[in-house]
Every structure is written in C-alpha cells, then in structure tokens.
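What follows is a set of notes on a single structure, which appears directly below.
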Amino acid sequence: MSNKFEIDPFLDFDLLKKLVVGIGEVSDITGVPTRKIRYWEEKGIIESEKDGEGTTRKYNYLNIKKILLIQELVEEGFTLDAAAKKVQDRMKNINEVFHKLANTASNKEDVD
DNA sequence: GTTCTCACA
DNA sequence: TGTGAGAA
C-alpha cells in the first residue's frame, strides 16, 4: 500500500464534502427506491442528517457510498444485517481515505 | 418534492 | 425484505 495519493484536478473533495442531497437524488443516483432507503434507515443500518428545517433527510457522499455498498452486498446475496456489518467495517477505511484525500487535495501545492 | 403509518406478499 | 397506497 502506498502512502501517497495522486490527486486528480477534476476531483473536488471540498465539493464532495459539501455535497448533500435529498432522498430523491440519492434514489436516482444509487438506483435504490426512496422507500428502500427509508426502510434501511428504519432498520438502523444507515444514518442520515436533517436539514435546517429539521425535515427531509439529507445524504452526504459518505451516506451515499454506504447505501451503494449495502446495495451491492445485498445484490450479492448478503442479508441487510450482514451487509450492514461489512459496510460498517469498510466505512472506517472509506472515511479514513476520504479525509486523507481531502486533506491532501487542500495541500497539493505544499510540495518540497 | 418530502414526511408518516398501515397493510400485504 | 421490500413495496403499495393514502394522507398531511
């Protein structure tokens, strides 16, 4: 594993961190129906944020990634509980890489 | 567009 | 496990 990442000028991690969409957008992006997304959250396998109004769930890149992971695992034949467990473990790596990438992208000009 | 609940397969 | 329909 290399501890150095190549930064694509087309990848905007600052935008990714700010990217927050509603359940409708998530269903369109992930291909998962809104009922299913709410159903998963109801089971507690995923979490979502609320907007300033306190209504309508908001999903960021990590949430969408999580939903995508769950969807893929379930498609493979895993049950929601098993998929959620695997995703939870994998999300740690996702968060770590994501923050590392975002930090590196912000300091990509800081080269010796 | 979103939320919730009840009910069904 | 996932969806349909009704109501706000």
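Every chain is numbered from 1 and lettered A, B, ... according to where its sequence line falls, protein lines coming before strand lines. Only a predicted model underlies this, so the values are computations on that prediction, with no experimental measurement involved.
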Among all residues two or more places apart in sequence or in another chain, which pass the side chain to side chain donor-acceptor pair (under 3.5 Å) test with A:Arg38?
none

All side-chain contact (heavy atoms from CB on, under 4.5 Å) counterparts of A:Leu62, not counting sequence neighbours
A:Asn60, A:Met91, A:Ile94, A:Asn95, A:Phe98

Could you give the CD-to-P distance, from A:Glu41 to C:dG2, as a whole number of Å?
15 Å

Salt bridge (charged side-chain N to carboxylate O under 4.0 Å, His left out): pairs with one or both residues in residues 27-36 of chain A, sequence neighbours excluded:
none

Please round to the nearest 0.5 Å and tell me the distance separating atom CD1 of A:Ile45 and atom CG of A:Leu73.
10.5 Å

Which of residues 73-83 of chain A have a heavy atom under 4.0 Å from DNA chain C?
A:Val74, A:Thr79, A:Leu80

Once you round it to whole Å, what is the distance between P of C:dT1 and NZ of A:Lys36?
12 Å

Within the structure, does a side-chain N or O atom of A:Trp40 lie under 4.0 Å from either OP1 or OP2 of C:dG2?
yes

Between A:Val32 and A:Leu68, is any pair of side-chain heavy atoms under 4.5 Å apart?
no

Check: protein-nucleotides 1-8 of chain B nitrogen or oxygen pairs below 3.5 Å:
residue, atom, partner, partner atom, Å
B:dT2, OP1, A:Gly24, N, 2.5
B:dT3, OP1, A:Arg57, N, 3.0
B:dT3, OP1, A:Arg57, NH1, 2.8
B:dT3, OP2, A:Arg38, NE, 3.0
B:dT3, OP2, A:Arg38, NH2, 3.0
B:dT3, O5', A:Arg57, NH1, 3.3
B:dC4, OP1, A:Arg57, NH2, 3.3
B:dC4, OP2, A:Arg57, NH1, 3.0
B:dC4, OP2, A:Arg57, NH2, 2.6

A:Arg57 and salt bridge (Lys or Arg N to Asp or Glu O under 4.0 Å): which partner among A:Glu41, A:Glu42, A:Glu49, A:Glu25?
A:Glu41

Rounded to whole Å, the OH-C1' distance (A:Tyr39 to C:dA5) equals 18 Å

Can you pull the salt bridge (charged side-chain N to carboxylate O under 4.0 Å, His left out) pairs that have at least one residue in residues 59-85 of chain A, sequence neighbours excluded?
A:Glu47-A:Lys66

Just by distance, no angles: are the side chains of A:Asp51 and A:Thr56 close enough, under 3.5 Å, to form a donor-acceptor pair?
yes

